[in-house]
Amino acid sequence: MVRIAIQSKGRLNEESVVLLQSIGITLEEAKRKLLSPSRDFPIEALYLRDDDIPQVVAGGTAAFGIVGMNEVAEKGARVDVVSHLGFGGCRLSLAIPKGAAYDGPSWFAGKQIATSYPNILRKYLDDNGIDAKIEVITGSVEIAPAIGIADAIFDIVSSGSTLISNGLVEVEKVFVSDAVLIAKPDLSTQEREILDEILFRIESENLSRDKKYLLMNLPETALEEAVRILPAMRSPTVIPLSSPGWYSLHSVVDASDLWTKVRQLKAIGAEGILVMDVDKIIL
Ligand code: PRT
Ligand code: ZN
């Protein structure tokens, strides 16, 4: 059976399961077991700690995995990053105690930096010619300066509130990360087919994200202008109504443009405008 490794618990677990579900891969007994088959797709999920996912995929125990790009980079695993999934966004940053006189990356020369990401940090320090000592800590890195085991930290930042509540200030954003779909190199023909199907479905899911389906009635005189306002995938669908001189017009718009378009359409005489969510777009 072809396997996909996902985080067993933690920040990426739920969104990984939801993403798979949204592309028609429903997992049985999510979280409760190490392995769980999909009811509707020829794949089984392998639930792991995120730290283990890159190597498990590189070694071929799972053909695919969903994990933070930060873990892929830190482990240096030989895997292909095949898609960025649009969740789990964060960054790896250097942070120092509030009030320290920071004058640029050279501030870190001779300092001790606590982190769970020594490889990414080492590369940054080497690239910038900074000689600093790395203290590897797993968990609660943000308390290291307060308890005197480091001068600074290098850790994951998302909203920044953890840094603030620990009296730290983010001074260098080093690595931007999000959740990614990874694949082992040298996929078999069957694994390649499964990956292509997963990518096809993810693309249709991505295309439909933040899109709205618009449906309205329009007088014939406004049709030309309405088609100009609504770009649509090819062109809007126009269907005559039973009342002479009136048409029903259907189109898809970006959610961010919705109210501007609605205002323009109302101004040219559109009536009975319906707005609906789009579940999938398949080009
Ligand atoms: O048990 P397991 O090893 O699987 O999980 P874990 O505890 O190692 O990882 P987990 O579940 O915390 O995070 C999994 C992945 O989520 C990370 O590898 C990142 O790719 C991604 N991610 C996104 C985050 C965050 N946002 C995040 N904010 N991972 C951790 N954090 C932590 C961070 O370490 C810090 O303590 O949240 C705190 C900062 O958050 P803000 O919002 O206060 O800045
Ligand atoms: Zn972890």
Side-chain angles (χ1 to χ4, degrees), residues 3-20 27 29-36 45-59 61-62 64-77 79-98 113-124 134-147 149-183 202:
R3 289 193 188 130
I4 183 163
I6 62 175
Q7 199 189 16
S8 52
K9 55 183 172 51
R11 287 166 195 265
L12 302 182
N13 167 268
E14 193 177 331
E15 280 175 289
S16 302
V17 172
V18 168
L19 169 84
L20 292 174
L27 300 173
E29 305 222 27
K31 286 189 200 176
R32 279 194 285 277
K33 292 196 301 189
L34 182 63
L35 274 175
S36 126
L46 174 61
Y47 292 100
L48 295 175
R49 288 198 58 186
D50 66 346
D51 315 55
D52 298 331
I53 292 175
Q55 286 97 325
V56 161
V57 174
T61 305
F64 314 116
I66 296 177
V67 69
M69 192 60 212
N70 51 317
E71 289 297 332
V72 178
E74 178 62 25
K75 298 293 172 341
V79 294
D80 295 329
V81 174
V82 287
S83 183
H84 287 261
L85 301 173
F87 62 88
C90 59
R91 54 198 185 269
L92 279 165
S93 294
L94 280 159
I96 65 169
K98 197 174 153 206
I113 311 171
T115 189
S116 311
Y117 294 91
N119 294 326
I120 298 175
L121 177 57
R122 172 61 57 212
K123 182 171 184 318
Y124 171 81
I134 299 176
E135 292 289 339
V136 180
I137 300 184
T138 48
S140 303
V141 170
E142 64 280 357
I143 62 167
I147 60 172
I149 53 174
D151 302 298
I153 68 162
F154 177 65
D155 200 10
I156 296 179
V157 181
S158 168
S159 66
S161 60
T162 302
L163 292 184
I164 292 170
S165 57
N166 285 280
L168 298 167
V169 182
E170 182 178 16
V171 288
E172 300 293 337
K173 296 180 174 113
V174 171
F175 188 89
V176 175
S177 178
D178 63 349
V180 288
L181 176 66
I182 55 173
I202 288 176

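Note that ligands are numbered from 1 as they come in the structure, with each ligand's atoms numbered from 1 the same way.
- No side-chain heavy atom of Val82 sits under 4.5 Å from any side-chain heavy atom of Ile182.
- Residue Asn70 touches ligand 1 through its side chain alone, judged by heavy-atom distances below 4.0 Å.
- Between Gly88 and Leu12 the shortest heavy-atom distance is CA-CD2, 3.8 Å.
- The Zn ion (ligand 2) lies closest to atom OD1 when only the N/O/S atoms of Asp51 are considered.
- Under a 4.0 Å criterion applied to the non-hydrogen atoms of Thr162, ligand 1 contributes the atoms 38 (C), 39 (C), 40 (O), 41 (P), 43 (O).
- Counting only distance, with no hydrogens or angles, the side chain of Ser8 and the backbone of Tyr47 share no donor-acceptor pair below 3.5 Å.
- Applying the 4.0 Å criterion to heavy atoms of Asp51 picks out, from ligand 1, the atoms 3 (O), 8 (O).
- For a threshold of 3.5 Å applied to N or O pairs, the pair formed by Gln7 and ligand 1 contains at least one separation below that value.
- Residues Leu168 and Pro145 are in side-chain contact: their nearest non-hydrogen atoms beyond the backbone lie under 4.5 Å apart.
- Within ligand 1, the atoms closer than 4.0 Å to a non-hydrogen atom of Gly68 are 20 (O), numbered from 1 in the order shown.
- For the atom pair Leu121 CG and Ile153 CD1, the distance stands at 11.0 Å (nearest 0.5 Å).
- Nearest protein heavy-atom contact of atom 29 (N) of ligand 1 is Arg11 CD, 3.4 Å.
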task = Under the side chain to side chain donor-acceptor pair (under 3.5 Å) rule, what do Asn119 and Glu74 come out as? Steps first, then yes or no, please.
result = CA-CA 6 Å; Asn119 294 326; Glu74 178 62 25; 3.2 Å; yes

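- Using a distance-only test at 3.5 Å, with no hydrogens or angles considered, no donor-acceptor pair links the side chain of Ser83 to the main chain of Leu85.
- If you check which protein heavy atom lies closest to atom 1 (O) of ligand 1, you get Arg49 NE, 3.6 Å.
- Each of the atoms 41 (P), 42 (O), 44 (O) of ligand 1 lies under 4.0 Å from some heavy atom of Gly160.
- Contacts with ligand 1 closer than 4.0 Å are made by side-chain heavy atoms of Leu12 only, the backbone lying farther away.
- Within a 4.0 Å radius of atom 20 (O) of ligand 1, the protein has at least one heavy atom.
- Look at Asp50 and the Zn ion (ligand 2): an N/O/S atom of the residue is under 2.8 Å from the metal.
- Remark: the backbone N or O of Val67 is not paired with any side-chain donor or acceptor of Asp50 at under 3.5 angstrom.
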request  = Run the numbers on Ser93 and Glu170 for side chain to side chain donor-acceptor pair (under 3.5 Å), then give the verdict.
outcome  = CA-CA 6 Å; Ser93 294; Glu170 182 178 16; 2.5 Å; yes

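- Among Ala179, Ser159, Ser8, Cys90, the residue whose heavy atom sits closest to atom 41 (P) of ligand 1 is Ser159.
- Proximity to Gly10 (heavy-atom distance under 4.0 Å) selects the following atoms of ligand 1: 11 (O).
- Here's the thing with Val157: none of its N/O atoms is less than 3.5 angstrom from an N/O atom of ligand 1.
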